[in-house]
Amino acid sequence: MLEYLENDKEILEILKLELNRQESNLELIASENFVSKAVLQAAGSVLTNKYAEGYPGKRYYGGCEFVDMAENVAKQRLKQIFGAEYVNVQPHSGSQANMGVYMALLKPGDKILGLSLDHGGHLTHGSPVNFSGQIYNAVGYPLNEKTQQLDYNIIEDLAVKEKPKLIIAGASAYSREWDYAKFREIADKVGALLMTDMSHPSGLIAKGLLNNPLPYCDVVTTTTHKTLRGPRGGVIMIGEGRDRENPLGVKTFKGDRLKTMSELFDSMVMPGIQGGPLMHIIMAKAVAFREVLEDSFTDYANQVMKNAKVLAAELMNRGYDIISNGTDNHLMLVDLTQKNISGKKAERILGLAGITVNKNMIPFDTKSPFVTSGMRIGTAAVTTRGMKEAEMKSIASFIDKAIINCDDESVLTSINAEVKELNSKFPLYRQ
Ligand SMILES: Cc1ncc(COP(=O)(O)O)c(C=O)c1O
């Protein structure tokens with residue numbers, strides 16, 4: 001496909017550099033993955049030309065008969081994956097899916113309760129630098145300091161004390177399973193709505209390897225580009241039999257009855273917060289959802305989890321503290337305190353060794369978010385390349401060698417060569 005960029009050498013060069021970076025580095029950023037060529041083709045297709053404000057069958061523009069078909073296929077496949085009664089596949093991103101939910105259900109100033117950002121939560125779960133912390137009255141629940149895991153007594157006590165309108169489960173940097181039934185119990189006790197943002201583990205939940213929040217929540221959101229391995233984007237879902245009138249907040253009527261939550265979500269996503277949907281991306285979501293429905297995706301998701309367990313164990317064998325002592329999903333949070341290196345420096349020197357990670361706060365971190373005491377590592381992308389347990393052992397040894405020799409550029413350069421050699425056996429888009 002690159003031949004069409006021959007006339008724009010400046011951009012062609014940048015694209016080649018990025019392609020080469022993805023091919024030759026070890027991608028361990030937990031929120032990233034590599035989509036299939038089919039997903040790339042749909043994302044780069046002529047559907048980018050089409051304006052389609054509205055929903056299938058109810059558009060503001062003509063000529064939508066075929067993009068309607070694409071959106072309907074995406075919706076039907078997504079419903080099938082998670083057992084959803086209602087889905088909206090139009091949010092341009094995970095943040096916009098969450099914004100659509102909050103603005104549909106809540107009034108400005110309403111209280112929300114989500115996992116604190118510095119304990120693994122996401123910006124859109126109530127951080128003061130994000131719209132969610134600015135428009136809403138956000139309270140964060142912490143992890144248990146000893147176990148470094150969710151503590152349902154702490155969450156329940158906070159919910160009883162704060163009486164939030166909405167409780168949010170889900171995280172960006174939490175490696176353990178979630179008990180959605182327990183969250184439901186807490187939400188019911190205080191009369192709150194319950195939302196799960198399963199952006200990180202959704203590809204693993206899709207194949208039944210982790211608990212599915214849909215049967216317990218009023219609404220579930222996810223990005224489509226992490227373990228779900230689709231194009232960048234977001235979706236909103238309601239589980240089977242769970243759609244109902246919004247019990248609180250915004251009183252919006254349809255005729256003489258209150259609108260259901262699904263009706264509120266649809267009208268908040270468009271025209272509430274977005275204009276024309278990205279039809280090429282919606283078609284790419286449909287392609288990715290079909291891949292998720294295939295049996296081979298079960299093998300993939302299983303391998304992602306096996307790889308994460310092996311990588312965590314190998315790092316622990318080398319004296320690294322892993323938050324909560326392990327992982328149930330695709331990611332782990334490494335506490336670097338014992339290794340006398342900050343997350344910021346680890347990210348930089350591992351980059352020199354050809355290994356891409358991100359610095360990350362650890363629970364009760366004493367360092368700033370720009371420095372941090374930890375790093376987050378995920379196995380979704382390297383597993384897509386075909387790497388298995390043996391490669392995880394090599395990766396742990398590369399990381400350890402780089403951190404031990406963090407001030408010796410010649411060692412970092414030699415690790416970089418070993419990383420390239422390993423990656424050459426697992427080609428991505430060049431095969
Ligand atoms: C839990 C969670 N929710 C939402 C998002 C936001 O997604 P996006 O970057 O597509 O806005 C992320 C992204 O990392 C996330 O981890």
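Atoms within each ligand, like the ligands themselves, are counted from 1 in listed order. Nothing fancy with the numbering, it's 1 onward along the sequence. No experiment lies behind these values; they were computed from the predicted model shown. Side-chain atoms are counted along with the backbone in the values below, which use heavy atoms only and exclude waters and symmetry mates.
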- prompt: Which word best sums up how the rings of His122 and His125 line up, parallel for under 30°, tilted for 30 to 60°, or perpendicular for over 60°?
  reply: perpendicular

Go through the side-chain N and O atoms of [X] and [Y] and say whether any donor and acceptor fall under 3.5 Å apart.
{"X": "Asn358", "Y": "Arg376", "result": "yes"}
{"X": "Asp243", "Y": "Ser262", "result": "yes"}
{"X": "Asn423", "Y": "Asn25", "result": "no"}

Self-check item: His200 and Tyr174 aromatic centres sub-6.0 Å
Solution: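 No, the ring of His200 stays outside the 6.0 Å limit from the ring of Tyr174, centre to centre.
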
Compute the ring centroids of Tyr152 and Phe183, then answer whether they are less than 6.0 Å apart.
yes

Identity and separation of the nearest protein heavy atom to atom 7 (O) of ligand 1:
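Here the nearest protein heavy atom works out to Thr223 CG2, 3.3 Å.
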
protein heavy-atom neighbour closest to atom 8 (P) of ligand 1 works out as Gly94 N, 3.5 Å

Any idea which atoms of ligand 1 are less than 4.0 Å away from a heavy-atom of Ser172?
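In order of numbering, the contacting atoms are 1 (C), 2 (C), 15 (C), 16 (O).
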
Ligand 1 to His225, heavy atom cutoff 4.0 Å, flagged ligand atoms 10 (O)

N or O contact, [X] vs ligand 1, cut-off under 3.5 Å:
{"X": "Thr124", "answer": "no"}
{"X": "Asp197", "answer": "yes"}
{"X": "Ala171", "answer": "no"}
{"X": "Lys226", "answer": "yes"}

Could you list the donor-acceptor pairs under 3.5 angstrom formed between side-chain atoms of residues 212-219 and any protein atom two or more places apart in sequence or on another chain?
| unit_1 | atom_1 | unit_2 | atom_2 | d |
| --- | --- | --- | --- | --- |
| Asn212 | OD1 | Leu214 | N | 2.9 |
| Asn212 | ND2 | Phe82 | O | 3.2 |
| Asp218 | OD1 | Arg244 | NH2 | 2.6 |
| Asp218 | OD2 | Arg184 | NH1 | 3.1 |
| Asp218 | OD2 | Arg184 | NH2 | 3.3 |
| Asp218 | OD2 | Leu194 | N | 2.7 |

Nearest non-hydrogen contact to atom 6 (C) of ligand 1 from the set His122, His125, Gln96, Met198 belongs to His122

| task | Determine whether the side chain, the backbone, both or neither of His200 has a heavy atom under 4.0 Å from any heavy atom of ligand 1. | result |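 The answer is the side chain of His200.
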
Quick look: Ser95 vs ligand 1, heavy-atom contacts under 4.0 Å, and the answer is both

- Determine, for Glu347 against Lys344, whether the closest basic-nitrogen to carboxylate-oxygen distance falls under 4.0 angstrom. no

Exercise for the section: Please check if a non-hydrogen protein atom sits closer than 4.0 Å to atom 14 (O) of ligand 1. Expected result: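 Within 4.0 Å: yes, protein heavy atom nearby.
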
